[in-house]
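Below you'll find the structure, written out as structure tokens, and then a few comments.
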Amino acid sequence: MKFVRYFLTFGWLVLIFSLFYDPISSWLTYPNNTLSPLRINPDICVKVQGICLENKPYPLGTNIFWGAIVPLSIISFVVYGHELWRRICPLSFLSQIPRYLGWQRQKRRVDPKTGKIRYELIKIRSKSWLGKNYLYLQFFLLYLGLCGRILFFNSNALALGIFLIVTIFAAMIVGYLYGGKSWCQYFCPMAPVQEIYALPRGIFTSKAHEDPRQSLTQSMCRTVNKAGKEKSACVACQSPCIDIDGERTYWENINKPDRKWLYYGYVGLVIGYFSYYYLYAGNWDYYFSGAWSHEANQLATLLSPGFYLFNHSIGIPKLVAVPLTLGFFTLGGYFSGRMLKKLYKNYLWRHKRFLIKEQIQHRIFSLCTFFIFNLFFGFVGCPLIFPLPPAIEYLFNTFIIMVSTLWLYQTWGRNPAAYFRETIANRLRRQLGKLNLTVSPFLEGRSLEELNADEIYILAKVLPGSTRENQFQIYLQVVQTVLEQGYTSSPTCLEMLQQLRSQLGICDEEHQTVLEELGVEDSDFLNLNKQKILSN
């Protein structure tokens, strides 16, 4: 993974350098280069506000960045989840350079009893303004980035290069100021995009919650000790953490208002982004031909009319029209998403189908991701695929539809209860194996290892012929998992735990004994009506 990260970082830096100096790639766009599928056809007229754009050779740096690097990263979110990209992201790696050099900001702590002095990394407090509102900040930065892309960065290689360098230095400064992956968690404008496409899980995402014995899961921070083995380098910069268990983060935050703004607003933002090309040029040829990625005078159009409708320009400067359009569509997407959720709830009520609110919200979010993923790739691949043979376009579109459909099929039935059952399934399986029960005749010849999480959970609740000691030990193992994995802040988890306790017949005295054995002094720690946070 280090090699992949170094390779991608080097390639990204080379691409940034090419934005400032590239005497080579423009050769592929020469009209007389008949061997290149990217050559300019001088006979094609792409009109913008009724005027044909000038066709002349151009370097490919901006085309590669917008047409290949950004789409490939989004495909990786859906296919492999967040964990692959988080471990190889060049910007994430560069933000960690201060940590590698030991140049991070620290604060001095003095033990009041012993007087011993220690230094610890500074973290963003969960109750600070940034800790509570970081997702709004990241979404706003994403909005500014898309506005800047249309106005400044799309075809101006110099402006894009400066923007990327400034972003790299910003990531490194955050890496110096705060510990952990604070840039990724609190500032990076791509982090909201990762949440939308990568959560609750990608098609091939590893399942961090199914084996509580794993010490290093998904993309959590790690380092290598002297023996050459990986060990955790987590400083708890955020909890719950997407890098430790992405699906847990998804379920614990699913009902927060910022998630609704993220999903619904992002759908509107992307629709507004692609729609603006038509509203500006008066036709779709401007976008689908890829002319926007090598327009020679992008900065010179900032004060020109920002809209061109029905063969008439509208005298609102492009500098103002772009943020207005994207903001309008973002708000429209948010309110449309809320309306869609109400319609779906009414549909379920009319058909007497009752789902918990987390599952209803999850299905609406899944539909948003499925829709915007297909819409995004219906547009984003065109500038590079447009010059290629039609067969490649058909294969690309087929691949995108297959990936999105498989993702939706895998994601649609997920719910927090199933996630919790999968979390405790391994512990229950090991504990049931200690009972020496003859269960194969009742399981159609299958062993305990062949049962899925739901079947293990049901078997643990019925426990035919088991003793009180066995029931007590099973309950203890489940409670231990809940405490170790920090699920005491999850209402769904605590509710299921209470159900299991009732099924096993665990009385208050036995419940208190379990807590004492596990070192918990607060008897209300697992009380559904008196939830405690993970840090407690």
Side-chain angles (χ1 to χ4, degrees), residues 40-56 58 62-63 66-67 70-71 142-156 159-160 264-340 343 368 371-387 390 393 397:
I40 291 175
N41 186 344
D43 298 327
I44 294 179
C45 171
V46 178
K47 290 187 176 181
V48 175
Q49 300 190 359
I51 301 174
C52 292
L53 288 179
E54 180 184 2
N55 283 329
K56 62 180 183 179
Y58 57 91
T62 55
N63 292 60
W66 300 124
V70 173
L142 176 64
Y143 163 81
L144 291 181
L146 289 180
C147 290
R149 177 177 170 180
I150 296 176
L151 293 171
F152 307 106
F153 315 136
N154 259 342
S155 62
N156 191 303
L160 177 60
Y264 303 155
Y266 179 76
V267 171
L269 181 62
V270 173
I271 294 175
Y273 172 79
F274 290 120
S275 298
Y276 182 76
Y277 289 95
Y278 177 85
L279 297 175
Y280 170 66
N283 60 74
W284 283 116
D285 292 341
Y286 174 59
Y287 180 82
F288 287 113
S289 67
W292 53 269
S293 65
H294 54 268
E295 191 175 359
N297 58 342
Q298 181 180 7
L299 298 182
T301 64
L302 294 178
L303 299 180
S304 64
F307 298 109
Y308 187 79
L309 300 173
F310 307 109
N311 296 322
H312 289 87
S313 60
I314 300 176
I316 299 177
K318 185 180 179 182
L319 190 63
V320 177
V322 170
L324 281 179
T325 302
L326 269 58
F328 174 79
F329 274 89
T330 300
L331 291 175
Y334 173 72
F335 290 110
S336 297
R338 294 186 59 176
M339 182 62 67
L340 177 62
L343 292 175
C368 289
F371 167 75
I372 206 60
F373 179 81
N374 285 282
L375 178 71
F376 178 83
F377 281 100
F379 279 87
V380 77
C382 293
L384 282 183
I385 295 177
F386 180 76
E393 180 181 358
N397 292 334

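Residues: numbered from 1 along the sequence shown.
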Inset, instruction - Go through the steps for Tyr277 and Val48 under the test side-chain contact (heavy atoms from CB on, under 4.5 Å), then give the verdict. - result: CA-CA 10 Å; Tyr277 289 95; Val48 175; over 6 Å; no

Legend entry - Matching residue for Tyr278 among Trp284, Tyr287, Tyr286 - test: ring pair (Phe, Tyr, Trp, His ring centres under 6.0 Å): Trp284

Inset, instruction - List the steps, then state whether side-chain contact (heavy atoms from CB on, under 4.5 Å) holds for Thr325 with Phe307. - result: CA-CA 10 Å; Thr325 302; Phe307 298 109; 3.3 Å; yes

Legend entry - Arg338 side, atom CZ; Leu343 side, atom CG - distance, nearest 0.5 Å: 13.0 Å

Inset, instruction - Please state whether the rings of Tyr58 and His294 are parallel, tilted or perpendicular, taking 30° and 60° as the class boundaries. - result: parallel

Inset, instruction - Look up atom OH in Tyr276 and atom CG in Leu326, then write down how far apart they are to the nearest 0.5 Å. - result: 9.5 Å

Legend entry - Audit row: Phe371, Ile271, side-chain contact (heavy atoms from CB on, under 4.5 Å) steps and yes/no: CA-CA 11 Å; Phe371 167 75; Ile271 294 175; 3.9 Å; yes

Inset, instruction - Report the relative orientation of the aromatic rings in Tyr334 and Tyr264; use parallel for angles under 30°, tilted for 30 to 60°, perpendicular for over 60°. - result: tilted

Inset, instruction - For Val267 and Cys368, work out which heavy atoms get closest and say how close. - result: CG2-CB, 3.9 Å

Would you list the atom pairs, donor with acceptor, under 3.5 Å between side chains in residues 297-306 and any protein atom, with sequence neighbours excluded?
{"unit_1": "Gln298", "atom_1": "OE1", "unit_2": "Asn154", "atom_2": "N", "d": "3.4"}
{"unit_1": "Gln298", "atom_1": "OE1", "unit_2": "Ser155", "atom_2": "N", "d": "2.9"}
{"unit_1": "Gln298", "atom_1": "OE1", "unit_2": "Ser155", "atom_2": "OG", "d": "3.0"}
{"unit_1": "Gln298", "atom_1": "OE1", "unit_2": "Asn156", "atom_2": "N", "d": "3.2"}
{"unit_1": "Gln298", "atom_1": "NE2", "unit_2": "Arg149", "atom_2": "O", "d": "3.3"}
{"unit_1": "Gln298", "atom_1": "NE2", "unit_2": "Ile150", "atom_2": "O", "d": "2.8"}
{"unit_1": "Gln298", "atom_1": "NE2", "unit_2": "Leu151", "atom_2": "O", "d": "3.4"}
{"unit_1": "Thr301", "atom_1": "OG1", "unit_2": "Gln298", "atom_2": "O", "d": "2.7"}
{"unit_1": "Thr301", "atom_1": "OG1", "unit_2": "Lys318", "atom_2": "NZ", "d": "3.3"}
{"unit_1": "Ser304", "atom_1": "OG", "unit_2": "Thr301", "atom_2": "O", "d": "2.6"}

Legend entry - Side-chain heavy atoms of Phe153 within contact of Leu146, under 4.5 Å: no

Legend entry - Closest heavy-atom pair and its distance - Gly67, Pro71: O-CG, 3.4 Å

Inset, instruction - Under the side-chain contact (heavy atoms from CB on, under 4.5 Å) rule, what do Tyr273 and Leu269 come out as? Steps first, then yes or no, please. - result: CA-CA 6 Å; Tyr273 172 79; Leu269 181 62; 5.7 Å; no

Inset, instruction - To the nearest 0.5 angstrom, please state how far the OG atom of Ser289 sits from the CG atom of Asn283. - result: 8.0 Å

Legend entry - Closest approach of Ala291 to Leu53 (non-hydrogen atoms, all atoms of both residues): CB-CD1, 3.7 Å

Legend entry - Nearest-0.5 Å distance that lies between atom CG in Asp285 and atom SG in Cys52: 10.5 Å

Inset, instruction - Output every pair passing ring pair (Phe, Tyr, Trp, His ring centres under 6.0 Å) with a member in residues 309-332, not counting sequence neighbours, ordered by first then second residue. - result: none

Legend entry - Greater than 12 external heavy atoms within 6.0 Å of Phe274's CZ: yes

Inset, instruction - Taking all non-hydrogen atoms of both residues into account, name the closest pair between Asn55 and Ile44 and its distance. - result: ND2-O, 3.0 Å

Legend entry - Sub-4.5 Å side-chain heavy-atom contact between Tyr280 and Trp292: no

